[in-house]
K.L.:
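Have a look at the structure that comes next, please.
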There are 2 protein chains.
Amino acid sequence: MLLCVYNTHSKNNMPNKLYKKIAKSTKKHPSKQNIKIAVDNCIFTVINDKLYILLIQMKKKPYTNKWALPGGLIGDKETSHNAALRILNEQTAVSDVYLEQLFTFDRPDRDPFGRVVSVAHFALIPNRGINLRTISKYADVKWQRVSDLPKLAYDHDEIVKYAKKRLAWKIKYTNVVWSLLPEKFTFTELQNVYETILGKRLDRRNFRKKFLALKLIKSTGKKVMRGVHRPAMTYQFKSREAKIVDIL
Amino acid sequence: MLLCVYNTHSKNNMPNKLYKKIAKSTKKHPSKQNIKIAVDNCIFTVINDKLYILLIQMKKKPYTNKWALPGGLIGDKETSHNAALRILNEQTAVSDVYLEQLFTFDRPDRDPFGRVVSVAHFALIPNRGINLRTISKYADVKWQRVSDLPKLAYDHDEIVKYAKKRLAWKIKYTNVVWSLLPEKFTFTELQNVYETILGKRLDRRNFRKKFLALKLIKSTGKKVMRGVHRPAMTYQFKSREAKIVDIL
DNA sequence: CCAAAAGTGTTAACGCTACACCCATGT
DNA sequence: ACATGGGTGTAGCGTTAACACTTTTGG
């Protein structure tokens with residue numbers, strides 16, 4: 001099942017005729033404003049019950065070999081949402097993604113190459129055998145444990161900090177967990193995601209009770225072995241769409 | 001955050017098609033970007049227990065005489081926050097203001113004059129004898145009841161809709177109410193703000209109990225007459241800073 | 001038999017909701 | 001005296017948090 005999540009602010013009504021009209025009339029804004037606008041993605045996933053974000057390694061000075069969030073300028077006819085999807089696709093080729101606008105970072109000195117305002121985005125993807133690919137612009141790409149982040153380029157430390165907060169909130173008050181999990185998962189796996197993100201242990205019985213009461217997931221009827229012990233029932237989400245539900 | 005979820009297996013898989021189109025047309029990073037960046041303010045206040053927002057009346061075509069949110073381009077060395085403050089000041093001359101970034105609206109066709117991305121801001125100000133002033137750029141300025149809004153220019157309807165949601169959330173889960181109230185206020189006034197914003201009536205005793213338990217406000221010791229009935233105690237906030245507290 | 005995680009209920013404390021009567025004032 | 005909003009307490013209910021033993025498997 002392929003899934004794209006769009007927020008309502010990036011409506012899909014962008015007829016090409018309109019682009020042309022816009023292109024023709026762009027001189028009507030008198031200002032000599034010289035600011036570029038970009039997108040940076042904070043992409044989370046869970047691998048072996050640990051939380052990771054995607055980092056790229058930069059080539060250009062003064063950030064040579066520094067790690068940073070993947071990003072890039074927005075196209076003239078592109079929404080920031082689509083720019084974020086495009087950039088996400090450059091590294092991951094995933095399609096099953098939860099994506100939302102995070103915050104716009106605009107300190108005038110945040111980019112040494114000139115004034116660039118960044119519309120940071122926040123993505124959650126399940127770790128289903130994603131093949132990372134490095135594009136020529138970057139030296140490398142990798143998944144980095146969130147609990148062990150290096151100092152990042154630009155103001156990306158700040159963006160990640162903000163994104164972590166948003167993630168903790170999201171997971172508590174919405175059902176976005178589905179976007180971090182494989183299609184079938186055990187209750188322990190589900191709980192581990194919560195414990196990792198919230199940074200605290202939860203009572204197994206209470207967690208199970210509460211989560212089942214939300215009626216978001218159903219048993220698949222199949223059990224799975226996850227080690228030398230009793231097999232665990234697997235579950236799946238009944239529906240994969242964004243909802244606001246008070247979870248924990 | 002409002003979300004639309006599209007399943008690409010379904011018949012009407014607009015997003016996926018659109019995504020591919022965009023991905024193709026903007027594959028390479030745009031070297032020369034022609035996008036302006038602006039700020040729009042959604043400024044709330046409470047007057048006589050009713051919720052209002054500040055609107056300006058436009059002069060230029062095609063929006064002549066239409067109402068809109070006050071806004072303007074960001075200066076080359078200015079943060080969007082400061083731009084929002086500057087613009088707020090053009091109309092209101094208030095200093096006691098709660099201001100935060102709301103969302104970045106970036107539909108390519110949102111501005112008929114050219115591509116302008118707007119970092120919408122959200123402001124709450126107390127109604128302490130604010131004198132509105134119209135600047136020459138606009139035909140007029142006014143406070144407009146939120147329950148009775150005209151159709152606005154650009155995508156400002158959408159911005160206001162989003163801001164109203166954010167306000168309802170903020171008032172429930174943080175202590176920002178202080179920014180909508182005068183220094184001293186009665187419990188009924190406080191409750192009226194909540195009822196107006198949440199759009200429902202609240203039980204007087206429970207509201208009082210709950211709010212007092214938060215220990216955010218204290219009695220001033222002075223009573224005030226608000227009509228032909230028993231005088232009411234006035235209260236004030238102990239501290240006027242942003243906190244997250246579960247209120248209602 | 002042992003280790004290791006899966007699975008399962010009950011109780012006590014707390015918080016929330018619902019609800020009705022007296023008080024202080026100006027006319 | 002009366003109309004108007006100000007001010008107050010309690011009881012029932014539902015939700016949450018704390019807590020321990022049995023089951024299933026592979027080695």
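Basis for what follows: all heavy atoms, side chains included, without hydrogens, waters or symmetry-related copies. Reminder, nothing fancy here: chain letters follow the sequence lines and each chain counts from 1. All values reported here derive from a predicted model rather than from experimental measurement.
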K.L.:
How would you list, by chain and number, every residue that makes a salt bridge (charged side-chain N to carboxylate O under 4.0 Å, His left out) with B:R226, sequence neighbours excluded?
P.N.:
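B:R226: salt bridge (charged side-chain N to carboxylate O under 4.0 Å, His left out) contacts with B:E189.
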K.L.:
Can you list the residues that meet the salt bridge (charged side-chain N to carboxylate O under 4.0 Å, His left out) rule with A:D106, with sequence neighbours excluded?
P.N.:
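With neighbours one apart ignored, the set is empty.
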K.L.:
In degrees, rounded to 10°, what is the bend between the two ends of the helix from C:dC1-D:dG27 to C:dT27-D:dA1, using five pairs at each?
P.N.:
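Nearest ten degrees gives 0° for this helix.
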K.L.:
Using atom CG of A:L212 as one end and atom P of C:dG9 as the other, report the distance to the nearest whole Å.
P.N.:
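The distance from CG of A:L212 to P of C:dG9 comes to 12 Å, rounded to the nearest Å.
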K.L.:
Please tabulate, for side-chain N and O atoms in residues 43-55 of chain A, each donor-acceptor pair with protein atoms closer than 3.5 Å (sequence neighbours left out).
P.N.:
{"residue": "A:T45", "atom": "OG1", "partner": "A:I125", "partner atom": "O", "Å": "2.6"}
{"residue": "A:T45", "atom": "OG1", "partner": "A:N127", "partner atom": "N", "Å": "3.4"}
{"residue": "A:D49", "atom": "OD2", "partner": "A:N192", "partner atom": "ND2", "Å": "2.9"}

K.L.:
I'd like to compare against my own output: the B/S/- annotation of nucleotides 17-24 of chain D with a strict under-4.0 Å heavy-atom distance to protein.
P.N.:
BBBB--BB
K.L.:
With sequence neighbours left out, write down each residue that passes side chain to side chain donor-acceptor pair (under 3.5 Å) with B:K222, or none if nothing qualifies.
P.N.:
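B:K222 satisfies side chain to side chain donor-acceptor pair (under 3.5 Å) with no residue once adjacent residues are dropped.
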K.L.:
Nearest whole Å is fine: how far is C:dT8 C1' from A:F207 CZ?
P.N.:
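From A:F207 CZ to C:dT8 C1': 16 Å.
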K.L.:
Report the residues that fulfil side chain to side chain contact (heavy atoms under 4.5 Å, CB included) with A:T134, sequence neighbours left out, ordered by chain and then residue number.
P.N.:
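Side chain to side chain contact (heavy atoms under 4.5 Å, CB included) check on A:T134 returns A:Y138, A:D140, A:V141.
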K.L.:
Which residues pass the side chain to side chain donor-acceptor pair (under 3.5 Å) test with A:D155, not counting sequence neighbours?
P.N.:
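So A:D155 forms a side chain to side chain donor-acceptor pair (under 3.5 Å) with A:R110.
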K.L.:
Between A:F185 and A:F237, does the ring centroid distance fall short of 6.0 Å?
P.N.:
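For A:F185 and A:F237, the ring centres are under 6.0 Å apart.
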K.L.:
Under 4.0 Å between a Lys/Arg side-chain N and an Asp/Glu carboxylate O for B:E100 and B:K170?
P.N.:
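Yes, B:E100 and B:K170 are salt-bridged.
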K.L.:
Provide, to the nearest angstrom, the distance between the CZ atom belonging to B:R201 and the P atom belonging to C:dC19.
P.N.:
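That distance rounds to 15 Å.
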K.L.:
Tell me every residue that passes side chain to side chain contact (heavy atoms under 4.5 Å, CB included) with A:A139, counting only those two or more places apart in sequence or in another chain.
P.N.:
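Expected list: A:Q57, A:K59.
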K.L.:
Could you state the CG-P distance from B:L202 to C:dA18, rounded to the nearest angstrom?
P.N.:
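After rounding, the reported distance stands at 11 Å.
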K.L.:
Let me spell it out: for each of B:R208 and A:V228, pick the nucleotide of DNA chain D with the closest heavy atom. Which residue's pick is nearer the 5' end?
P.N.:
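Going by which nucleotide is closer to the 5' end, it is B:R208.
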K.L.:
Once side chain to side chain contact (heavy atoms under 4.5 Å, CB included) is applied, do any residues pair with B:M225, and if so which ones, sequence neighbours excluded?
P.N.:
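B:M225 satisfies side chain to side chain contact (heavy atoms under 4.5 Å, CB included) with B:P231 only.
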K.L.:
Measure the distance from CE on A:M225 to C1' on C:dG7 and round it to the nearest whole Å.
P.N.:
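In whole Å, C:dG7 C1' and A:M225 CE are 15 Å from each other.
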K.L.:
In residues 187-198 of chain A, what residues come within less than 4.0 Å of DNA chain C, judged by heavy atoms?
P.N.:
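Contacts with DNA chain C under 4.0 Å: A:T188.
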K.L.:
A:A232: which residues meet the side chain to side chain contact (heavy atoms under 4.5 Å, CB included) condition with it, sequence neighbours left out?
P.N.:
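Applying side chain to side chain contact (heavy atoms under 4.5 Å, CB included) to A:A232 gives A:T186.
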